[in-house]
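Since the structure comes first, as structure tokens, the remarks are kept for the end.
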Amino acid sequence: MQIKVGKLKVFNSLTRQKEDFQPLTPPFVGMYVCGPTVYSNVHLGNVRTFLSFDVINRYLRYIGYKVRYVRNITDVGHLSDTGEDKISKKAKLDQLEPMEIVQMYSNDFHHVMSQFNTIPPDIEPSAIGHLMEQIEMTRKLIENGYAYESNGSVYFDVGKYNKAHKYGILSGRNIEDLMSDTRDLDGGADKRNSLDFALWKRADPDHIMRWKTEWSDGFPGWHLECSVMSTKYLGEAFDIHGGGMDLKFPHHECEIAQNVGTYGKSGANYWLHTNMLTVNGQKMSKSLGNSFLPHELISGNHELLDRGYSPMTIRFFILQSHYASTLDFSNVALEAARRGYVRLSNGMRLIEKMKWKEDEGKLDERQSEQINKFCENCYHAMNDDFNTALTIGHLFNMVKKINSLHTRQLKFGEIGQEAFNRMKDTFLGFSRDVLGLKVEADVNYQSLINTILGEYKDAKYNRDFKRVDKLRAELKAEGIVAKDMKDKIEWAFEE
RNA sequence: GGCACUGUGGCCGAGUGGCUAGGCAGAGGUCUGCAAAACCUUUUACAGCGGUUCGAAUCCGCUCAGUGCCUCCA
């Protein structure tokens, strides 16, 4: 019996429909995801997005695609509400070099993502590393008539662009409404229209990060970097562009406009957006002050949390919902996930070591068919716009079988060798390789060693030297030496 | 105001025209020196009202409740 792997469908934000996934040049897939602005620690909402795309990346590879996964680091150009560059602002505040800020929070970001067992992107370009390309694209946009210089800054002319193309296709916005709705916003004096956005900004005298161009000493606009870096590494047309829902407008909308304005192509064919994390029904965000930092959730060191949760528990919790749904954080939900994850990871631990062997069981077609169905369902679930929650449900069905085999309530013979091997491959493939879950050795070694040393001490006291020797040999095999002191037993790593 | 989205059993959370999601919690049972685990069985679900249909949690309309984006956010 052959498993049907089926066809992958993805929900495309651009068309608001589920579509068959057809890469431009199979087996290659180009995927660009908007990375973090490294002016502070990543919060859990960021983690959710990158975790979701990690699973998407993993699954595409699992079903045989050769993925080039590009995720940027924004280290310049992202403005805060005061119109200041976020990195510059933070650098001034902390009296550090902007690049120190960038390095510090990039390190934090990488550390956190590796704790959650995400695969690093294949290319992680930074905005500052692509200044020349950004300046070049700005020139091209001026050349093509979609941008204008004003007082040392360069703006994208949304009104003009909208006449030739359509601005707002991604977010479903009507530009006339937006235009008539204008009030004077920051920098409004330089812009022809409030919807116009900066490609290049003239820097104030006290602005630290600045570069020389024909327009002014300044810095690039935020939206530009993604257009530049995605097309540089994936081409003018590529497959997937991802990011958080809150980037849809204006960030991704502007990106499309820049790409069309420069190359006549909109960039990605499929736009995927992850939904927000909420706390008590409200969006988790830095500005609302209701966000946890990953290390706070892991340690439990936060007023809203009853206890800490391991990175894999958090990963599991996040994957139990679909990436396009909001997910609410609460102690009870986390606790339920913690227990559920223990169950799943016990299943992983068991089947990793389990081998099929002949026993008294007689082949039961219904059993093997059921198992085949579970395996097939994992593909169906992931093929349906990466439905990790449903996939996990199917994995739990397999956990039941694994546990039954383990306790001998189900015989190997009943399911047959073929179904067993398929279940083992599929279960581990999906839990470990696709969902990126792993068994966490959450064992306190110190207390384990103390327990053994207690046994050692008792055996010595009872003059059971055979047992003493055995325990000492076993510890030694693990690189630990027991040391008999006058008044106590100690241990050390073997030199 | 404009544009989207959501409302599922005690809780979380999939499903989107007929076929058991799953997890957590609860109840009963099997197993067991005790305990735990495991396995089996199980509990009032689809916000409300109307419509389409042989049949709707699933499609359509209205109402109610909530959320996001429209200004920086993953």
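The basis for the numbers below is simple: all heavy atoms, side chains too, and nothing from hydrogens, waters or symmetry mates. By convention in this document, chain letters (A, B, ...) are assigned in the order of the sequence lines, proteins followed by strands, and residues within each chain are numbered from 1.
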Phosphate contact ([N] OP1 or OP2) by [X] side-chain N/O below 4.0 Å:
X        : N     : answer
A:Arg343 : B:G23 : yes
A:Ser330 : B:C11 : no
A:Asn403 : B:A38 : no
A:Asn377 : B:A21 : no
A:Lys283 : B:C69 : yes
A:Arg339 : B:C11 : no

Ion pair [X]/[Y], N-O distance below 4.0 Å:
X        : Y        : answer
A:Asp206 : A:Lys92  : yes
A:Glu369 : A:Lys373 : no
A:Lys411 : A:Asp364 : no
A:Asp157 : A:Arg192 : yes

Say we look at [N] and [M]: how far apart would their [atom1] atoms be, to the nearest angstrom?
N     : M     : atom1 : answer
B:C3  : B:G17 : C1'   : 29 Å
B:C62 : B:G23 : C1'   : 36 Å
B:G28 : B:C64 : C1'   : 40 Å
B:A14 : B:G50 : P     : 29 Å
B:A57 : B:U8  : P     : 15 Å
B:U58 : B:A47 : P     : 8 Å
B:A25 : B:C12 : P     : 15 Å
B:C11 : B:U43 : C1'   : 15 Å

Start at the 5' end of RNA chain B and walk down; is the nucleotide closest to A:Ser404 or to A:Asn397 reached first?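 It is A:Asn397 whose nearest nucleotide is closer to the 5' end.
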Please tell me which of A:Lys18 and A:Gly281 maps to the more 5' nucleotide of RNA chain B, matching each residue to the nucleotide holding its nearest heavy atom.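 Looking at RNA chain B, the more 5' nearest nucleotide goes with A:Lys18.
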Between [options], which nucleotide gets closest to the side-chain atoms of [X]?
X        : options             : result
A:Phe249 : B:A14, B:A74, B:C69 : B:C69
A:Lys400 : B:A74, B:C12, B:C39 : B:C39
A:Leu327 : B:G13, B:G22, B:A14 : B:G13
A:Ala333 : B:G13, B:A74, B:C12 : B:C12
A:Gln409 : B:G15, B:A38, B:C72 : B:A38
A:Ala336 : B:C70, B:C24, B:G13 : B:C24
A:Val332 : B:G22, B:A74, B:C11 : B:C11
A:Ser321 : B:C72, B:G13, B:A74 : B:G13
A:Asp384 : B:A74, B:G23, B:U16 : B:U16

Looking across every strand, which nucleic acid part, if any, lies under 4.0 Å from [X] by heavy atom: base, sugar-phosphate, or nothing?
X        : result
A:Ser325 : sugar-phosphate
A:His322 : sugar-phosphate
A:Gly45  : base
A:Met245 : nothing
A:His273 : nothing
A:Thr278 : nothing

Report, as yes or no, whether the 6.0 Å neighbourhood of atom NE2 on A:His302 holds more than 12 heavy atoms from other residues, nucleotides or ligands.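 Yes - once you tally the heavy atoms of other residues, nucleotides and ligands closer than 6.0 Å, there are more than 12.
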May I ask which nucleotide in the shown strands pairs with [N], Watson-Crick or G-U wobble, both distances under 3.5 Å?
N     : result
B:U44 : none
B:C31 : none
B:G7  : B:C64
B:G22 : B:C12
B:G1  : B:C70

How long is the straight-line distance from CG of A:Asn377 back to CZ of A:Phe374, given to the nearest 0.5 Å?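 Separation between the atoms: 8.0 Å.
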Return the CD to CG distance between A:Glu253 and A:Leu170, rounded to the nearest 0.5 Å.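 A:Glu253 atom CD to A:Leu170 atom CG measures 5.0 Å (nearest 0.5 Å).
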To the nearest Å, give me how far apart [atom1] ([X]) and [atom2] ([N]) are.
X        : N     : atom1 : atom2 : result
A:Leu247 : B:G68 : CG    : P     : 16 Å
A:His252 : B:A74 : NE2   : P     : 10 Å
A:Gln17  : B:U16 : CD    : C1'   : 15 Å
A:Phe386 : B:G15 : CZ    : P     : 14 Å
A:Met284 : B:G68 : CE    : P     : 13 Å
A:Phe11  : B:C5  : CZ    : C1'   : 10 Å
A:Phe197 : B:U71 : CZ    : P     : 14 Å
A:Glu84  : B:C72 : CD    : P     : 15 Å

Quick one: sort the A:Tyr167 and A:Tyr161 rings into parallel, tilted or perpendicular, breaks at 30° and 60°.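 Perpendicular: the ring planes of A:Tyr167 and A:Tyr161 meet at over 60°.
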Should the pair A:Phe430 and A:Tyr379 be assigned to parallel (<30°), tilted (30 to 60°) or perpendicular (>60°) ring geometry?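 Rings of A:Phe430 and A:Tyr379: perpendicular, as their planes differ by over 60°.
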Between the base of B:A38 and the side chain of A:Thr407, is there a donor-acceptor distance below 3.5 Å?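 Answer no: no donor N or O sits under 3.5 Å from an acceptor.
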